[in-house]
Protein chains: 2
Amino acid sequence: MAPEAIRSPERRRDNRDPGPLLGSLVGYAVRRANNRIMTDLGICLAPLGLRPATFAILATIDAHPGIIQAGVGAILGIQRANLVPLLSELAGRRLIERRPAPHDNRAQALILTATGKDLLHEASREVRMHEDRMLMQLDARDRETLVALLGEIGA
Amino acid sequence: MAPEAIRSPERRRDNRDPGPLLGSLVGYAVRRANNRIMTDLGICLAPLGLRPATFAILATIDAHPGIIQAGVGAILGIQRANLVPLLSELAGRRLIERRPAPHDNRAQALILTATGKDLLHEASREVRMHEDRMLMQLDARDRETLVALLGEIGA
DNA sequence: TATTGTTATACTCTATAACTATA
DNA sequence: TATAGTTATAGAGTATAACAATA
């Protein structure tokens with residue numbers, strides 16, 4: 001009865017369908033979108049000597065001048081131990097400075113240098129172009145909806 | 001003029017705001033959602049001896065019986081070289097079988113064993129519960145919207 | 001020539017434990 | 001005792017190059 005010829009049993013060459021199970025999972029759609037975004041973002045930032053993680057760190061310090069390392073880790077979901085080599089890399093390139101924190105001698109207050117600000121602003125332009133390219137199919141309202149819905153996941 | 005006391009300048013303890021730059025990026029929202037989903041998914045699958053990657057492989061083979069390794073890699077975005085140890089792990093546990101492919105002596109056709117199907121179905125129940133938990137705040141229409149919008153990213 | 005599966009290798013990201021110095 | 005920064009280390013995930021067998 002079933003006209004199996006219509007669905008071309010196992011011969012589709014451009015088949016990227018993961019099947020009904022994965023195809024119905026929001027988590028799978030999020031993962032695929034994340035992969036595409038991160039791959040493209042990495043390519044955009046590479047010429048500036050940055051990666052997604054180091055870009056995010058610079059942006060966070062810029063938004064919170066004097067923030068301590070643990071604060072950056074809490075915001076970005078990076079563990080203190082894993083933050084150390086990333087910050088050392090940025091400090092070694094004179095993009096950030098580690099200064100003694102005012103009221104806590106254990107902590108280091110982080111600030112961007114003038115060079116760091118310049119590089120961040122240059123990277124921001126690249127990232128905004130990257131976003132516009134990735135979201136070409138979506139208007140401003142779609143993008144707001146997307147951010148709002150994504151923010152509800154796991155909340 | 002600006003009543004700065006309202007926004008409590010630099011003293012919010014529960015502050016997870018990454019700042020105006022990252023906060024406005026869809027990519028950042030996707031990344032955070034992906035992290036929350038993957039962390040929870042990993043916890044759900046661990047008792048079954050599976051990870052997100054091995055679960056996705058089982059689901060893909062179940063949807064495409066007889067698919068060859070390169071096909072699985074193309075669907076899931078996993079490179080052939082990285083697929084080998086994953087498939088060896090699954091074959092070692094007798095969850096899948098590698099059989100000579102009918103029309104191509106280079107390729108291996110992959111199928112689920114009865115044990116593999118049982119484990120996949122058990123894992124599927126766990127994953128659906130995981131999804132319902134992660135998407136608790138979203139109704140069916142929101143979820144469809146989310147999948148549709150995510151599918152347009154990078155297209 | 002191109003493709004499939006495979007091995008080897010390296011690099012990034014992430015996770016944990018332990019140490020020090022401060023609080 | 002708890003926290004901040006640090007070191008060391010191990011595990012995933014991902015990337016490339018090269019090879020043998022086959023198309």
Interatomic distance, [X] [atom1] vs [N] [atom2] [rounded to whole Å]:
X         : N       : atom1 : atom2 : result
Arg106(B) : dA2(C)  : CZ    : C1'   : 8 Å
Leu76(B)  : dT14(D) : CG    : P     : 10 Å
Asn34(A)  : dG13(D) : CG    : P     : 14 Å
Leu83(B)  : dG5(C)  : CG    : P     : 9 Å
Met38(B)  : dA15(C) : CE    : P     : 13 Å
Arg99(B)  : dG5(C)  : CZ    : P     : 16 Å
Leu90(B)  : dG5(C)  : CG    : P     : 15 Å
Ile57(B)  : dG5(C)  : CD1   : C1'   : 15 Å

| said: Return whichever of Asn82(A) or Ile78(B) has its heavy-atom-nearest nucleotide of DNA chain D closer to the 5' end. | reply: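 Result of the comparison: Asn82(A).
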
| task | Let me know, please, whether Arg80(A) or Arg31(A) comes out on the 5' side of the other along DNA chain D by nearest nucleotide. | result |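 Here Arg80(A) is the residue nearer the 5' end.
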
| field | From dT22(D), dT6(C), dA15(D), nucleotide with atom closest to Val84(B) side chain | value |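 Between dT22(D), dT6(C), dA15(D), the one nearest the side chain of Val84(B) would be dT6(C).
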
| Looking at dT16(D), dT4(C), dA4(D), which one has an atom nearest to any side-chain atom of Ala81(B)? | dT16(D)

| Distance in Å, Glu122(A) CD paired with Leu50(A) CG, rounded so as to fall on 0.5 Å steps |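 Answer for the CD-CG pair, Glu122(A) versus Leu50(A), is 9.5 Å.
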
| task | List the steps, then state whether side-chain contact (heavy atoms from CB on, under 4.5 Å) holds for Leu150(A) with Arg32(B). | result | CA-CA 8 Å; Leu150(A) 287 169; Arg32(B) 288 204 67 96; over 6 Å; no

| note | What one should report as the nearest heavy-atom pair of Ala53(A) and Leu86(A) is CB-CD1, 4.5 Å

| message | Applying the side-chain hydrogen bond (donor to acceptor under 3.5 Å, both in side chains) criterion to Gln69(A), which one of Gln108(A), Arg80(A), Arg98(A) satisfies it? | response |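 So the option named by the test is Arg98(A).
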
Taking only N and O in the side chain of [X], is any of them less than 4.0 Å away from OP1 or OP2 of [N]?
X        : N       : answer
Gln79(B) : dT14(D) : no
Arg51(B) : dG13(D) : yes
Gln69(A) : dA4(D)  : no

| remark: Sorted by position of nearest nucleotide on DNA chain C, 5' first, the leading residue of Arg98(B) and Asn105(A) is Arg98(B)

| request: Could you check whether Asp104(B) gets within reach of a base, just the sugar-phosphate, or nothing at all, counting any heavy atom under 4.0 Å? | output: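 If one applies the 4.0 Å heavy-atom cut-off, Asp104(B) turns out to touch the sugar-phosphate alone, with no base involved.
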
| said: Does Ile68(A) reach a base, just sugar-phosphate, or nothing at all? Heavy atoms under 4.0 Å. | reply: sugar-phosphate

| query | Leu41(A) versus Glu126(A): any side-chain heavy-atom pair under 4.5 Å? | reply |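 Leu41(A) vs Glu126(A): side chains apart.
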
